[in-house]
Asks: 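Take a look at this one; I'll ask things after.
Basis for what follows: all heavy atoms, side chains included, without hydrogens, waters or symmetry-related copies. Quick caveat: nothing in here was measured; it's all calculated off a predicted structure.
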Amino acid sequence: MSSLSLYDTLTRTTSAFVPLKAGEVGIYLCGATVQAPPHIGHVRSGVNFDILRRWLTKSGYNVTFIRNVTDIDDKILHKAVHEKAPWWAVAMKYERAFSDAYAALNVQPPTYEPRATGHITQMIELMALLIERGAAYAPGNGDVYLDVRKLSSYLTLSRQKLDDLQPAADADETNKKDPRDFALWKAAKPGDPSWPTPWGPGRPGWHLECSAMAKAYLGEAFDIHGGGLDLIFPHHENEIAQSESAGYAFAKRWMHNAWVTASGEKMSKSLGNSLQVAELLKTVRGIELRWYLGSAHYRSMLEFSHDALSESATAFRRIESFLTRATEILGSAPTPVISQGFSDAMNDDLAVPTALAGISEALRLGNSAITSGDKAVISSSANEIRGALEVLGCDPFDSAFATSGGADLTGALDGVIQLALAQRAAARDRKDFAASDQIRDGLAALGIVIEDTAQGPRWSISQISEK
RNA sequence: GGUCGGAUGGCCGAGAGGCGAGGCAAGGGACUGCAAAUCCCUCUACACGGGUUCAAAUCCCGUUCCGACCUCCA
């Protein structure tokens, strides 16, 4: 088996993945700031890194996957004012919305999902360490700043020069040693939530939590740090500054997923072009939305359109339909198998689109085998496809996607439909096609689709998208 | 101004010096009472101008256009 190579934003190259500790992988993914319902750009990140995690797990690694929840920041406080609700109620409401969206898309829950507000102690410890090492300073107004000039590696991830940066406008300039210094901690303002610290009451700055929580759950050094492309600067640069100034080796590799765009532009709430996950799930199933989001390479922009989503869903149903029929013919669900082609593609920086070409090939072979009745090929194709879908998080047999209704109901329905199909078969035998078509049309009107196959008629519930 | 990414067929979307990924759509065919499903066949491409090379979508130089980041961002 080929070995895994992954792209690294720091070096801008793809290189062999070697874990710090054999057999173990630690991943820290920047999660959501819970201040609005998730749009598909947010969950693309979740899906992309979920595929990475599943592939690492499939490859035999024991993966510790951390995805944080930022439950305190300016936007949440603003939102709380707008919604006339406590900030913590707003944060919890949207945290649940994110959890629901991740669950609908079969994104596995992180190993640990720490909230910023639950790690104030670790943040204070980190700040104390940074001040002690002379990397940060508390000017006395309640703020704590990081001295960016003290760290030579600052801005190496985004490859910018300090002098090219515009000064930050988020705090009182008169207290900063350098206008580019950023706030680790912000002094309390009247009416805002605050926590006590040796430097006065306040709340965390925008970047401190990730350094503190990564250290708490993954240690001073870990394998992969992920997030969206837009986090490279300032968020990830500042995380590096905080953690390296504290003496930690921090992330060995940086991975960033690209955007979902609409009309060529980044999806964002401020542009008014964002598409909420909950809305899209009214038109396609979660497994279909996941298939769509996961099918593009994680470093490529994904230009969203309803047509593309719809086509993608259709393509997925073809695959799903094959697996269903294969299961009917074989009498049991396929056993997931990882093919060499799939493995090679995934090992090449998660080349999902290339892997998909392999799935298409297996699908064609499998469908032909159904026609010819070659059970061995049906089985091998189905096994290979299911193995691939499992890693992509789109396994239709996964209980996460189980449809409601239950086996009893399906069994009863099957009995009723078989009665109708017997009537239709009798009509066809006596060449009374008007009667047989009437039965088929009648079932179609109820949402039951009848297909005549080489193995006899089969039925399925039509999946009509509501538009 | 600084940093970075992109432009591939009707559409989506890979590839990164030599065999035209794949899907969707379209057209033809097989199968079928019809339909659906399935299979087979066909079609079409690398933004523009130079250069390097036996060979360029791929490397180099230049140009145009689009987008991202530069302290809210997945």
Side-chain angles (χ1 to χ4, degrees), chain A residues 9 12 29-33 35-36 38-49 70 73-75 78 98 155 158-161 163-171 179-183 205-207 226-235 237-238 256-261 263-270 292 295-297 299-303 305 307-312 314-316 318 321-322 325 345 348 351-361 363-372 428 431-434 436-437 440-441 444 449-454 457-458 460:
Chain A
T9 306
R12 311 283 162 92
L29 173 64
C30 285
T33 298
Q35 49 94 19
H39 61 61
I40 55 170
H42 294 124
V43 291
R44 181 189 186 188
S45 180
V47 167
N48 285 158
F49 283 96
T70 301
D73 94 329
D74 288 343
K75 286 188 135 184
H78 291 151
F98 270 85
L155 303 182
S158 60
R159 302 196 173 182
Q160 298 179 96
K161 293 183 186 124
D163 292 335
D164 293 334
L165 291 187
Q166 299 299 311
D170 68 308
R180 267 95 29 157
D181 290 349
F182 62 89
W206 300 320
H207 316 292
L229 214 47
D230 53 349
L231 295 181
I232 294 174
F233 185 88
H235 185 58
E237 290 287 13
N238 290 354
H256 293 94
N257 66 278
W259 308 124
V260 178
T261 58
S263 305
E265 292 185 316
K266 170 184 172 183
M267 190 161 292
S268 99
K269 201 162 172 267
S270 55
Y292 174 69
S295 60
H297 188 93
R299 287 194 283 119
S300 295
M301 284 196 309
L302 178 62
E303 168 69 16
S305 78
D307 286 348
L309 174 60
S310 171
E311 282 178 10
S312 176
T314 303
F316 180 75
R318 263 189 91 217
S321 168
F322 165 69
R325 296 170 72 166
D348 181 16
V352 175
T354 304
L356 259 39
I359 292 179
S360 293
E361 170 76 6
L363 179 64
R364 198 168 49 75
L365 283 174
N367 274 322
S368 294
I370 285 181
T371 304
S372 66
R428 293 179 76 200
K431 307 254 185 249
D432 184 357
F433 297 120
S436 75
D437 287 350
R440 185 171 63 195
D441 293 345
V449 180
I450 302 303
E451 294 168 19
D452 293 316
T453 72
R458 66 186 295 272
S460 59

Asks: My understanding is that only residues two or more places apart in sequence, or in another chain, count here; which of them pass side-chain contact (heavy atoms from CB on, under 4.5 Å) with A/S312?
Replies: A/W291, A/Y292

Asks: Quick one: list whatever passes side-chain hydrogen bond (donor to acceptor under 3.5 Å, both in side chains) with A/Q160, sequence neighbours left out.
Replies: A/S158

Asks: What's the closest nucleotide to the A/P353 side chain, out of B/A74, B/G22, B/G13?
Replies: B/G13

Asks: Any N/O pairs under 3.5 Å between the protein and nucleotides 28-32 of chain B? List them or say none.
Replies:
none

Asks: Pull out every protein N or O sitting under 3.5 Å from an N or O of nucleotides 24-27 of chain B, one pair per line with the distance.
Replies:
unit_1: B/C24; atom_1: OP1; unit_2: A/R318; atom_2: NH1; d: 3.1
unit_1: B/C24; atom_1: O2'; unit_2: A/E311; atom_2: OE1; d: 3.3
unit_1: B/C24; atom_1: O2'; unit_2: A/E311; atom_2: OE2; d: 3.2

Asks: Using the side-chain contact (heavy atoms from CB on, under 4.5 Å) criterion, which residues pair with A/S305? Sequence neighbours excluded.
Replies: A/D307, A/A308

Asks: Among residues at least two apart in sequence or on other chains, which ones pass side-chain contact (heavy atoms from CB on, under 4.5 Å) with A/N238?
Replies: A/Y154, A/F182, A/H207, A/P234

Asks: Mind checking A/I450 for me? I need base, sugar-phosphate or nothing, with any heavy atom below 4.0 Å counting as a touch.
Replies: base

Asks: Among residues at least two apart in sequence or on other chains, which ones pass salt bridge (charged side-chain N to carboxylate O under 4.0 Å, His left out) with A/E361?
Replies: A/R364

Asks: A/H42: which residues meet the side-chain contact (heavy atoms from CB on, under 4.5 Å) condition with it, sequence neighbours left out?
Replies: A/P38, A/H39, A/F98

Asks: Note every stem involving RNA chain B: at least three consecutive Watson-Crick or G-U wobble pairs, i with j then i+1 with j-1, with both distances under 3.5 Å.
Replies: B:1-7 with B:64-70, B:10-12 with B:22-24, B:26-30 with B:38-42, B:47-51 with B:59-63

Asks: Is the backbone of A/T9 close enough, under 3.5 Å, to the side chain of A/R12 for a donor and an acceptor to pair up by distance?
Replies: yes

Asks: What residues, two or more places apart in sequence or in another chain, satisfy salt bridge (charged side-chain N to carboxylate O under 4.0 Å, His left out) together with A/R159?
Replies: none

Asks: Residues in salt bridge (charged side-chain N to carboxylate O under 4.0 Å, His left out) with A/D230, at least two apart?
Replies: A/K266

Asks: A/R44: which residues meet the salt bridge (charged side-chain N to carboxylate O under 4.0 Å, His left out) condition with it, sequence neighbours left out?
Replies: none

